[in-house]
Amino acid sequence: MLGRTDDRPTQALADHAGCLPIAEVRDELLRLIKMHDTTILVGETGSGKSTQLPQFILQSGMARGGCIAVTQPRRVAAISVAGRVAQEMHVTLGVQVGYSVRFDDTSCARTRIRYLTDGMLVREALADGDLKRYKVIILDEAHERTLSTDILFGIVKRLQACRRQDLKVVVMSATLDAAKFADFFGAGRVLHLLGRQYPVELLYLPEPVDSYVDAVLKAVLQIHAHQPPGDILAFLTGQEEIEALQRLIPERAGHMHASGDSGQATLVPVPIFAALPPEQQAKVFEAAPPGCRKVILATNIAETSITVPGVRYVVDPGFVKARSYSARTGGDSLQVVPVSKAQARQRSGRAGREGPGKAFRLYKEETFQALPAASAPEIQRVSLALLMLQLKQLGIEQPQDFDFMDRPSTSAMLRALELLLALGALGAEGALTPLGRHMVRLPVEPVFAKVLLAGAQLGCSQEALSVVALSSTDPIYIANRGMQDSAAQAWKPFMSALGDHITKLNIYSSFLEVRKADRRRWCTEHHLNFRSLKKAVDIRAQLAEHLKQLKVPMASCGSDMAPLRQALLSGLFINAAVLLPDNTYRLQASSQKVMIHPSSVLHGRKPPCIIFEELLRTTRSYARNVTVIEASWLPETAPMYFCSKSTATAAPLREGWQ
DNA sequence: GAGCACTGC
C-alpha cells in the first residue's frame with residue numbers, strides 16, 4: 001500500500017528517502033497507542049502522519065465499534081487530506097472516509113475516518129458532551145495552537161478521565177516542543193518521525209537593516225543576479241508593502257538590465273494575500289514563462305495555508321502583522337511584530353519542498369537566537385467571551401479552573417464572564433440562563449448571538465440575521481489604490497445616515513435582488529467583494545436554520561430601522577459612546593475616548609450617540625462599524641452598565657428567557 | 001482624515 005500512496009512533492013524524494021518514514025515505525029507506533037491513553041507524535045513536514053496514521057489505526061482494529069476523528073485547523077486541509085486518504089484506500093469519499101467542515105459534511109453513518117476542522121469537533125462536543133461516536137481522536141497540527149485546538153486539549157483530557165480505556169487520543173505536532181504536550185497529557189512517550197524535507201541553507205545579515213521592505217527589495221535583486229534559477233518567496237506583512245514591491249521590483253530589475261547585465265532572466269512579481277480575488281490568487285500556481293523568474297510576494301498566508309511550487313529561495317525579513325486584544329480596554333490592535341523562531345523555521349522550510357534551497361534571513365543570527373520560541377497561543381490573544389460561554393455549556397462551572405495548557409490571564413477571563421453576565425447569558429450565580437443556552441447554539445460571538453435573539457423579540461429577526469451574517473464575513477468593500485472616488489460613488493446609493501450596519505444591510509438587500517448569474521458582475525461594478533457577500537448568504541442561512549430550531553419567531557421590521565438599532569444595542573451596549581464637545585466620543589462603559597473611523601459612513605457626521613462593533617487602536621482609538629442610537633435607549637437596555645451597579649437588575653430582555 | 005495578517009463555527 002505504501003509504495004503507491006505518496007503523491008506528494010516529487011519523485012526524486014522517493015529515491016532520496018526510500019519510502020515514507022512512518023511506515024518503518026508502524027508497528028511500534030500502534031503498540032504505543034495501544035499501551036497508552038494518549039500518544040504524542042512529532043512529525044516533520046512530509047512524514048505522512050496525517051494520511052497514514054489514521055489508516056494504520058483503522059487496520060489495527062483499535063477503532064472497532066466507532067469512528068476515528070482527525071482534526072485540522074483549516075477547511076482546505078480537512079477536505080484535501082480526506083480526499084487523498086479515500087483515494088489511497090480505494091473507497092468513495094464520504095462513505096468509509098469523509099470530512100466535516102462548516103457548510104459541507106461529506107460523511108455518513110458508515111464513515112470510519114472522519115476529518116474535521118477543530119472548530120467543528122468543538123461544536124460536536126457542545127452538542128454531545130461525550131463524543132461517543134469516536135473511539136480515537138487525533139488532534140493534528142497541534143502546534144498551531146488555535147483556540148479550538150486548545151479547547152479540545154482540555155475536552156479530550158477530561159473525556160479520557162470518564163471514558164477510561166474507551167478513548168484513544170493522539171496529539172500530532174510539527175515542532176519539537178512536544179515535551180509540553182506530553183507533560184499536559186501525562187503521556188508516556190513521545191515518538192518522533194523523520195520528515196522528507198530537503199536541506200535549506202540559512203543565511204543571515206551581518207548587521208541589522210533600517211527598512212525591512214527595502215532590505216527585501218535588495219535581497220530579491222541580489223538573488224536574481226547571483227543565484228541559479230529557482231523562484232523566490234518573499235514574506236511581507238501586508239497588502240500595502242506587497243503592492244509597493246510589486247511596482248518597485250520591475251523598475252529596479254529593469255534598471256539592472258539597462259546597465260548592461262544582459263542575458264539575465266526577467267523578474268516577475270506575483271502577489272498573494274487572503275484579500276486577493278481567487279482568480280488572481282491562482283496566478284501563484286502558474287509556472288513562470290520561459291526565461292522568467294517568479295518572485296512571490298506573500299503575507300503569512302504562504303507559511304501554512306498555501307504551498308507555492310517551484311520555490312527555491314526564501315526571503316524572510318522576520319516580521320509579521322499580528323492582531324492583539326487588550327482585556328483592559330477591550331480594544332484590538334494590529335501591529336507589525338517580530339516573528340517567532342518556529343515561524344522563521346516554517347518560512348525557511350518553504351525553500352526545501354522540492355530540492356535543496358536557501359533562506360535569506362534579513363537579520364543577524366543573534367537576533368534569531370533572541371526571538372521567542374513560538375508566538376503566544378491564540379487563547380492568550382483574543383476576547384474570551386465565546387470560550388467562557390462554551391466552557392459553561394460543557395458543564396464546567398468555574399471556567400477559570402478549566403485545565404488549560406496555557407492559561408489565559410485572569411483579567412481576560414473575568415472580563416469575558418462580566419460581559420456574559422451583562423448580556424444575560426449567565427445568571428447572578430454564574431450558571432447559564434435559558435438565554436445563554438440559546439446563545440451557545442449560535443455559531444457567532446456572544447454579542448452577535450444576543451443581537452439575533454434580541455432582534456427576534458423586537459420583531460426584526462430577518463434584518464438582524466442579515467446584519468449579523470455580514471458582520472461574520474470579511475469586509476464587503478473593495479477599495480483599491482487610486483479608485484476610492486469611483487468606489488465611494490458606487491456605494492453612495494446604499495449609504496444610510498443611521499450608520500454602517502444599515503448601509504451594509506442596504507447593500508445586501510440590493511445584492512439579493514440581482515439575478516444570481518449577474519451578481520459577480522454587479523459586485524465588480526459596485527466595488528464590492530462577491531466572495532464576502534456570497535459567504536454572508538451562506539452564514540445567514542445557517543443562522544436562520546439555528547433560530548428555527550430554537551423556535552425563535554421570524555419577523556421583519558420593514559422600513560422602520562429602530563427595532564434593528566435597538567437589537568444591535570442589546571448586544572453591543574458595552575460599545576456605546578456619546579459625543580463630546582470636541583467631536584470625539586466617550587465610551588459609556590469605560591470613559592475611554594474614541595473617534596469614528598474614517599472608513600465609516602458616519603465619519604464627520606457627529607451623531608450624538610453611537611454604538612460600534614470594534615475598537616481599533618492604531619495612532620488613536622477608532623470605532624469601526626458604527627450605528628446611531630438614541631441616548632434614551634441606554635438605561636433600559638443594559639441597566640447593569642448604565643445605572644449604579646449595586647442597584648442593577650437584569651435587563652428587561654432577559655426576563656422573557658428566565 | 002485612516003489604512004485590514006490569518007484561521008474558524
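Just so it is clear: chains get the letters A, B, ... in the order the sequence lines come, proteins before strands, and each one is counted from 1.
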Quick check for you: among [options], whose closest atom lies nearest to any side-chain atom of [X]?
X: A:Lys321; options: B:dC9, B:dA5, B:dT7; value: B:dA5
X: A:Pro598; options: B:dC4, B:dG1, B:dT7; value: B:dG1
X: A:His597; options: B:dG3, B:dT7, B:dC9; value: B:dG3

Rounded distance in Å - [atom1] ([X]) to [atom2] ([N]):
X: A:Leu334; N: B:dA5; atom1: CG; atom2: C1'; result: 6 Å
X: A:Asp332; N: B:dC6; atom1: CG; atom2: C1'; result: 14 Å
X: A:Leu386; N: B:dT7; atom1: CG; atom2: C1'; result: 14 Å
X: A:Arg102; N: B:dC9; atom1: CZ; atom2: P; result: 6 Å
X: A:His143; N: B:dC6; atom1: NE2; atom2: P; result: 18 Å
X: A:Leu616; N: B:dA5; atom1: CG; atom2: P; result: 11 Å
X: A:Asp150; N: B:dG8; atom1: CG; atom2: C1'; result: 14 Å
X: A:Leu121; N: B:dT7; atom1: CG; atom2: P; result: 21 Å

Legend entry - Whether over 12 other heavy atoms sit under 6.0 Å from A:Lys534 NZ: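 Counting other residues, nucleotides and ligands, NZ of A:Lys534 stays at 12 neighbours or fewer.
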Give [X] one of three labels, base, sugar-phosphate or nothing, depending on what nucleic acid heavy atoms sit under 4.0 Å from its own.
X: A:Thr117; result: sugar-phosphate
X: A:Val336; result: nothing
X: A:Phe273; result: sugar-phosphate
X: A:Pro475; result: base
X: A:Arg123; result: base
X: A:Ala274; result: sugar-phosphate

Legend entry - Lys/Arg N to Asp/Glu carboxylate O, A:Arg114 vs A:Asp105, below 4.0 Å: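 Answer for the salt bridge query: yes.
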Legend entry - A:Asp500/A:Arg624 salt bridge by N-O under 4.0 Å criterion: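 The answer is no: the pair does not qualify as a salt bridge.
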Inset, instruction - Any pair with a residue in residues 70-80 of chain A that passes side-chain hydrogen bond (donor to acceptor under 3.5 Å, both in side chains), sequence neighbours left out, goes on the list, sorted by first then second residue, please. - result: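 Sorted result for residues 70-80 of chain A: A:Gln72-A:Asp140, A:Arg74-A:Glu144.
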Legend entry - Side-chain donor or acceptor of A:Asp130 paired with backbone N/O of A:Leu159 under 3.5 Å: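 Flag not set: sc A:Asp130 to bb A:Leu159 has no pair under 3.5 Å.
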Legend entry - For A:Tyr325, all residues meeting ring-ring contact (aromatic ring centres under 6.0 Å, His included), sequence neighbours excluded: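 Result, ring-ring contact (aromatic ring centres under 6.0 Å, His included) vs A:Tyr325: none returned.
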Could you tell me whether the phosphate oxygens of [N], OP1 or OP2, come under 4.0 Å of any side-chain nitrogen or oxygen in [X]?
X: A:Thr299; N: B:dC6; answer: yes
X: A:Arg75; N: B:dC9; answer: yes
X: A:Thr304; N: B:dC6; answer: no

Legend entry - Distance-only donor-acceptor test, A:Arg624 side-chain atoms vs B:dC4 base atoms, 3.5 Å: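 Looking at the base of B:dC4, it does pair with a donor or acceptor on the side chain of A:Arg624 (distance under 3.5 Å).
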Inset, instruction - Using the closest heavy atom to pick a nucleotide of DNA chain B for each, name whichever of A:Leu442 or A:Arg620 lands nearer the 5' end. - result: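 By nearest-heavy-atom nucleotide position, the 5'-most residue is A:Arg620.
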